[in-house]
There are 2 protein chains.
Amino acid sequence: MTNGQMTEKKADSEPKFERSCCPITNTLDILGDKWTLLVIRDLVLGKKRYRELISSPEKIASNILANRLKRLEVCGLVTRQAYQQNPSRYEYVLTRKGEDLRPVLEAMSRWGQEHYPGTMIFSKL
Amino acid sequence: MTNGQMTEKKADSEPKFERSCCPITNTLDILGDKWTLLVIRDLVLGKKRYRELISSPEKIASNILANRLKRLEVCGLVTRQAYQQNPSRYEYVLTRKGEDLRPVLEAMSRWGQEHYPGTMIFSKL
DNA sequence: CTAATAACTTTCAATATGCAAGTGCCGATA
DNA sequence: TATCGGCACTTGCATATTGAAAGTTATTAG
């Protein structure tokens, strides 16, 4: 409490978006990279554990996967649930906010299938 | 015709996708970054010229914009059309393939508006 | 002659990615 | 008891990508 760091907040008068107040931009600030949406795809398809996520055919690096899961948790798209103690192990589950990305995945899947013949889906995406 | 480059193709027996044959993955291989879909958003909204694209509120760096436009052209989402000579200047126009991304943008826009109150749209996206 | 404009390109420091190897904790096996 | 293997990560380090700023080229306006 002695120094002023993090105490001055100006009563949240400004929403303060990273790049702009465009909803597409703010969506891309979270999932605009080559891996995040693939992790979400796997979670939508019912995968829950690290081992399952890392064994997808795209071969995500383990540090990247850990980093993305952490970010998704911070952003509220995913929650971690302990499924055992000693050592603590966790499962990852989509929140409502994460589930709500399904239409985005579906739109991308449809575009990919339309324009890249040979691509194919294994489940309902 | 004298050297064999581009003649040996093994009858296209293997589709050879970058990471996997998942349509979402292949879509992300093109537009899985923080900027590409914003460029497409602007083109969907009717912007055509470099100056217009670079003056969007997100402030894309000029080298990144040039790089993305080149990639979008290579991937067939955009075509360059000369609108003057000496010096040659070009406008960028979405192909059908590029236009077909509209549902993806719409889904992202809806998700952003739903989960980030304060974001707002200026046109029909 | 000088300045301005458009559409890029170049340079270079900072950040992100990707691969491999390592860590901590356990339970099963020899 | 010692070792092995599995799981969920973490760490180190080389390479690739990004971003800010300045530079380039051609042409027109003053």
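The chains referred to below are lettered A, B, ... by the order of the sequence lines, with proteins before strands, and numbering in each begins at 1.
- Counting heavy-atom neighbours within 6.0 Å of B:Glu99 CD, excluding the residue itself, gives a total above 12.
- Atom-to-atom, CG of A:Leu38 to P of C:dG18 comes out at 11 Å; the value is rounded to the nearest Å.
- In the 5' to 3' direction, nucleotides of DNA chain D lying under 4.0 Å from heavy atoms of chain A begin and end at D:dG6 to D:dG12.
- The CG-C1' distance, from A:Asn63 to C:dG22, rounds to 13 Å in whole Å.
- For the pair A:Trp111 (side chain) and A:Tyr116 (backbone), a donor-acceptor distance under 3.5 Å is absent.
- Nearest heavy atom pair, residue B:Thr119 against residue A:Phe17, reads N-CZ, 3.6 Å.
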Note to self: I'd like to know whether B:Glu58 forms a salt bridge (Lys or Arg N to Asp or Glu O under 4.0 Å) with B:Arg41, so could you lay out the CA-CA distance, the side-chain angles of the two residues, the decisive distance to 0.1 Å, and finally the verdict.
What the structure shows: CA-CA 12 Å; B:Glu58 290 86 6; B:Arg41 171 202 66 185; 2.9 Å; yes
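- A close approach under 4.0 Å does occur between a side-chain nitrogen or oxygen of B:Lys70 and OP1 or OP2 of C:dT9.
- The main-chain N or O of A:Ser109 is found under 3.5 Å from a side-chain atom of A:Gln113 such that the two form a donor-acceptor pair.
- Between the CD atom of A:Glu58 and the P atom of C:dC19 there is a distance of 13 Å, given to the nearest Å.
- Just one residue in the list A:Asn26, A:Thr25, A:Asp29 forms a side chain to side chain donor-acceptor pair (under 3.5 Å) with A:Arg19, and that residue is A:Asp29.
- Distance alone, capped at 3.5 Å, is enough to place a donor-acceptor pair between the A:Ser55 side chain and the A:Glu52 backbone.
- A:Asp33 has its CG atom 18 Å from the P atom of C:dT15, to the nearest Å.
- Protein atom CG of A:Leu65 is 13 Å distant from nucleotide atom C1' of C:dG18, rounded to whole Å.
- Look at B:Arg80 and you'll find a side-chain N or O under 4.0 angstrom from OP1 or OP2 of C:dC8.
- Distance A:Gln85 CD to C:dG27 P: 13 Å, rounded to the nearest Å.
- C:dT5 atom P lies 16 Å from atom CD of B:Gln84, rounded to whole Å.
- Residues A:Met108 and B:Thr27 come closest through the heavy atom pair O-OG1, 3.2 Å.
- Over its length, the helix from C:dC1-D:dG30 to C:dA30-D:dT1 turns its helix axis by 20°, as judged from the five terminal pairs at each end, rounded to 10°.
- Minimum interatomic distance between A:Ile60 and A:Ile54 (heavy atoms only, all atoms of both residues): O-CG1, 3.7 Å.
- Heavy atoms of B:Arg89 sit under 4.0 angstrom from at least one base atom.
- Remark: P of C:dA7 and CD1 of B:Ile60 are 15 Å apart, rounded to the nearest angstrom.
- Heavy atoms of A:Lys59 sit nowhere under 4.0 angstrom from any nucleic acid atom.
- Each of A:Asn67 and B:Ile64 was assigned the nucleotide of DNA chain D with the nearest heavy atom; the assignment lying further toward the 5' end belongs to A:Asn67.
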